[in-house]
Amino acid sequence: GAKGIFTVQYPEERIPLPEKFRVLPVLLYDEETGAIRCTACGICTKVCPTQCIWIVQAKSEDGKPRPKPEEFTVETNVCMNCGLCAEFCPFGAIKMDHRFELAELVRKPGEIHRLPDLQVSTAWFAKTHPAEWAKEEESRKRKAQKAQAVQ
C-alpha cells in the first residue's frame, strides 16, 4: 500500500478494510442448507452491554421451544460495535459485519435490523473474513477427526 500522506477519492476509491474491522452484528446461515446457525440460546442478549439485541425463540405447533429464533432484532443506533455478542456466541452464529455505509433519509426504519436484514451466508463470511473462516474450517475438521477416532 501507499506510505506517507495520500488522498483517497472516496467513494470512487476505497481503502481495503482490515478483516477484524467491525460494525454491526449479522447472523450466519449455511449456504447449502439455508439453516441459520442461531439456536436462540440468548447468550448474546446477556453479554450485550447496551442490551440492543432481542430474541424471541421459535415454538413448534405443540408449543414446545425450537432451537431457532422466531425473531432476532438489533437496535442499530444503540449498538456500540463491541463484538461481545460474536465473541461469546457458542455456535458461531453471530459475526461482525464490514458494512458501515448505513445512512438513510428516513429516521426510524433503519434503526432496527430484524432477522431477514441480519442474515448473511457462510460464503459471504468466507469471502470477507478469510483468515477467521480458515480457523473455523480447521476447527471443524479436527472435531470431525476426533469424532471418527472415538467411533
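Basis for what follows: all heavy atoms, side chains included, without hydrogens, waters or symmetry-related copies. Residue indices begin at 1 and follow the sequence shown.
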Side chain to side chain donor-acceptor pair (under 3.5 Å) pairs touching residues 61-70, sequence neighbours excluded, are Ser60-Asp62

Return the minimal non-hydrogen interatomic distance between Ile94 and Phe72, and the atom names on each side.
CD1-CZ, 4.0 Å

Kindly write out the residues that satisfy salt bridge (charged side-chain N to carboxylate O under 4.0 Å, His left out) with Glu87, not counting sequence neighbours, or none if the list is empty.
none

Cluster question for you: counting only ILVMFWY and a side-chain heavy-atom cut-off of under 4.5 Å, with indirect links fine, are Leu84 and Ile43 together?
yes

Test side chain to side chain contact (heavy atoms under 4.5 Å, CB included) on Leu27 and Leu115; report intermediate values, then the result.
CA-CA 8 Å; Leu27 293 172; Leu115 189 59; 3.5 Å; yes

Apply side chain to side chain contact (heavy atoms under 4.5 Å, CB included) to residues Ile112 and Thr76 and explain how you reach the verdict.
CA-CA 6 Å; Ile112 295 178; Thr76 61; over 6 Å; no

Closest approach of Ala93 and Cys38, non-hydrogen atoms and distance?
CB-N, 3.4 Å

Side chain to side chain donor-acceptor pair (under 3.5 Å): pairs with one or both residues in residues 35-59, sequence neighbours excluded:
Arg37-Glu136

Any salt bridge linking Glu138 with Lys141? Criterion: basic side-chain nitrogen under 4.0 Å from a carboxylate oxygen.
no

Testing the basics here: between Leu28 and Gly92, what is the closest heavy-atom pair and its distance to 0.1 Å?
CD1-O, 3.8 Å

Could you see if Leu118 belongs to whatever hydrophobic cluster contains Ile53? Use Ile, Leu, Val, Met, Phe, Trp, Tyr and a side-chain cutoff under 4.5 Å.
yes

With a 4.5 Å limit on heavy-atom distance, are the side chains of Pro49 and Met80 in contact?
yes

Take Arg99 and Val26 through the test side chain to side chain contact (heavy atoms under 4.5 Å, CB included) and record every step on the way to the result.
CA-CA 10 Å; Arg99 292 173 285 188; Val26 290; 3.8 Å; yes

Strictly by salt bridge (Lys or Arg N to Asp or Glu O under 4.0 Å), give each pair with a member in residues 10-35 just once, sequence neighbours left out.
Arg14-Glu101

Verify, without hydrogens or angle tests, whether Ser139 (side chain) and Lys135 (backbone) share a donor-acceptor contact under 3.5 angstrom.
no

Determine whether Cys85 and Cys48 make a side-chain contact, defined as any pair of heavy atoms from C-beta on separated by less than 4.5 Å.
no

Evaluation steps, side chain to side chain contact (heavy atoms under 4.5 Å, CB included), between Cys44 and Cys89:
CA-CA 6 Å; Cys44 55; Cys89 180; 5.9 Å; no

For Leu17, which residues count as a side chain to side chain contact (heavy atoms under 4.5 Å, CB included) partner, sequence neighbours excluded?
Phe21, His98, Phe100

So, do Trp124 and Asp97 sit near enough that their side-chain heavy atoms are less than 4.5 Å apart?
yes

Please tell me if the side chains of Arg140 and Glu137 come closer than 4.5 Å, counting only heavy atoms from C-beta onward.
yes

Tell me, please, which residues at least two apart from Ile5 pass side chain to side chain contact (heavy atoms under 4.5 Å, CB included).
none

